Amino acid sequence: MSDKVYVNIFEFEDEAKKNLTNNSYTYYRSGANGEHTLRDNIDAYARIKMNPYVCAGLKDIDLSTTVLGQKLNIPIGIAPTAMHRMATPRGELTTVTAAKKVGTIYTLSSLATTNMEDVAKEQPDALRWFQLYIAKDRKITEVMVREAERLGYRAIAVTVDAPYLGIREGDERNKFTLPSHLKLEILESFKKEFAVKGKGGSGLFEMFKDQIDPAMSWEDIKWLKSFTKLPVILKGIQNGEDALRAAQLGVHIWVTNHGGRQLDTVRSTIDMLPEVMHAIKDYRNTVEVYVDGGIRRGTDVLKCLALGAKCVFIGRPLLFSLAAEGEQGVLKMFQLFEKEMKVAMMLLGAGKISDLGLKHLVKATIPVSNL
Ligand SMILES: Cc1cc2nc3c(=O)[nH]c(=O)nc-3n(C[C@H](O)[C@H](O)[C@H](O)COP(=O)(O)O)c2cc1C
């Protein structure tokens, strides 16, 4: 076990870089095109100012919360990210074990390098969600969802911001493909054509274009809801109109721009969140809203929750801490978030998650004022 101390979340990336190939590091790090949204996801948090209350009489801070009826020890879940075996030998098995120890959600990516069943067997009691891409072959999509149900995954997060994969220039340059000893175990176990092969540019981009359905529509969401008994979450909602449409269909909402990896120059996610919360105000008792993108500080988490998100998710901090030190790295990363959140909540005058609200933010610095 390494005794290396990390003083902020960004430092895991430096350590990870030492352990990753250039191909893998670039894949994990990159955003789409000019990477404006990738940068803005992080920078936007500093534009929103906090409003602390003093003499709050707090002795301790409680970070626990409830998501879809399940208790989390910390309101930070693990977003679906592809190919964890590029980061650490046991890949997704290490991630699910860390998630269980932390007491939070692990969303298993469809593009995982470990199959669904092995992840389930490794930690049957972990709070596991499954992330779905809708394939051109709907029968395969249906079988995948039924398999997730059978294996005890507790929700389906269907990614709706990726009819095509965004253009990540580093991956094009590197002709990104999986290392030869790895496979997209989940997808390939359903259909061998899901294999990622090195082609002219990014092999992943090409596979995606061949197999994933760009023509997916709201009808597909209705179809998905018609046969699964699991809660459905739309991952990729980016404005109030789509959020309202999702809420009207009775699905939950995950505000994300895919970590700045899809359409470049869209807003940062914290800039989208107020509009989404306003649009679904009549559905707040039944629809949960989550958010990810650029969350690197305890105060980032608090800002999302103060605006009404039920919990947040992290992508790259998980990948980089996993690549830095495996399970130990992930635990250290969560401890750092915990520490930063507890200090910030003490200074803000909020003792528990449900205490957080709009009063803790300076209204003039929130992008939409009609909250
Ligand atoms: C390397 C990488 C792979 C990803 N793979 C997936 C995926 O397979 N499915 C998906 O829905 N989102 C995927 N995402 C997006 C994440 O779920 C999440 O939205 C994003 O990483 C959050 O931003 P952050 O990395 O700044 O925390 C991926 C992101 C990264 C960085």
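Numbering of ligands and ligand atoms starts at 1, following listing order. A quick note: this is a predicted structure, and the numbers were derived from the prediction, not measured.
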Can [X] be said to touch ligand 1, with heavy atoms closer than 4.0 Å?
X	answer
Asn41	no
Tyr133	yes
Arg29	no
Ile295	no

Ligand-residue contact atoms, ligand 1 with [X], heavy atoms, under 4.0 Å:
X	result
Thr256	19 (O)
Leu111	8 (O)
Tyr28	1 (C), 31 (C)
Ala79	17 (O), 18 (C)

Exercise. Going by atom types alone, do Glu340 and Thr299 pair a side-chain donor with an acceptor below 3.5 Å?
Worked result: no
Considering only non-hydrogen protein atoms, determine which one is nearest to [atom] and report residue, atom name and distance to 0.1 Å.
atom	result
atom 18 (C) of ligand 1	Asp292 OD2, 3.1 Å
atom 11 (O) of ligand 1	Thr159 OG1, 2.7 Å
atom 27 (O) of ligand 1	Gly315 N, 2.9 Å
atom 16 (C) of ligand 1	Pro80 O, 3.3 Å
atom 12 (N) of ligand 1	Lys235 NZ, 3.1 Å

Exercise. Does the side-chain hydrogen bond (donor to acceptor under 3.5 Å, both in side chains) test come out yes or no for Thr26 and Asn22, once each step is laid out?
Worked result: CA-CA 6 Å; Thr26 304; Asn22 177 45; 3.3 Å; yes
For this session: Take Arg154 and Gln70 through the test side-chain hydrogen bond (donor to acceptor under 3.5 Å, both in side chains) and record every step on the way to the result.
Result: CA-CA 10 Å; Arg154 317 247 191 124; Gln70 305 284 329; 2.8 Å; yes
For ligand 1, is there an N or O atom under 3.5 Å from any N or O atom of [X]?
X	result
Arg261	no
Arg316	yes
Gly294	yes
Tyr27	no
Phe313	no
Thr81	no
Ala82	yes

Exercise. Hey, quick one: are Trp129 and Leu151 part of the same hydrophobic cluster, counting side-chain heavy atoms closer than 4.5 Å, chains of contacts allowed?
Worked result: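 Hydrophobic grouping puts Trp129 apart from Leu151.
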Exercise. Should Leu127 and Tyr290 be regarded as members of a common hydrophobic cluster, given that ILVMFWY residues are connected when their side-chain heavy atoms come within less than 4.5 Å of each other, either directly or indirectly?
Worked result: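 In one cluster with Leu127: Tyr290, yes.
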For this session: Check step by step if side-chain hydrogen bond (donor to acceptor under 3.5 Å, both in side chains) holds for Ser30 and Glu169.
Result: CA-CA 8 Å; Ser30 294; Glu169 295 177 6; over 6 Å; no
For this session: May I ask you to check whether Phe208 and Tyr164 place their ring centers less than 6.0 Å from one another?
Result: no
Exercise. Does Phe10 have its ring centroid less than 6.0 Å away from the ring centroid of Phe320?
Worked result: no
For this session: Return the option from Gly31, Ser109, Ser110, Gly260 holding the heavy atom at the smallest distance from atom 8 (O) of ligand 1.
Result: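 Minimum heavy-atom distance to atom 8 (O) of ligand 1 goes to Ser109.
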Exercise. Could Lys175 and Glu172 be called an ion pair, given the rule that one side-chain N must be under 4.0 Å from one carboxylate O?
Worked result: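 Not counted as a salt bridge, because no side-chain N and carboxylate O are separated by less than 4.0 Å.
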Problem set entry | Residue part near ligand 1, for His258, under 4.0 Å between non-hydrogen atoms | both
Exercise. Which part of Arg168 is near ligand 1, with near meaning a heavy atom under 4.0 Å away: side chain, backbone, both or neither?
Worked result: neither
For this session: Begin from the C-alpha positions of Glu288 and Tyr283 and carry the test side-chain hydrogen bond (donor to acceptor under 3.5 Å, both in side chains) through to its verdict.
Result: CA-CA 9 Å; Glu288 294 191 352; Tyr283 294 85; over 6 Å; no
Exercise. For Phe205, is the NZ or CZ atom of Lys209 found under 6.0 angstrom from the centre of its six-membered ring and inside 45 degrees of the ring axis?
Worked result: no
For this session: Validate the cation-pi geometry between Lys359 and Tyr53: distance from NZ or CZ to the six-membered ring centre under 6.0 Å, angle to the ring axis within 45°.
Result: yes
Exercise. Closest approach of Glu13 and Tyr25, non-hydrogen atoms and distance?
Worked result: OE2-OH, 2.5 Å
Problem set entry | Candidates Asp300, Asn257, Asp292, Asp271 - the one meeting side chain to side chain donor-acceptor pair (under 3.5 Å) with Asn41 |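 Per the side chain to side chain donor-acceptor pair (under 3.5 Å) rule, the option paired with Asn41 is Asn257, out of Asp300, Asn257, Asp292, Asp271.
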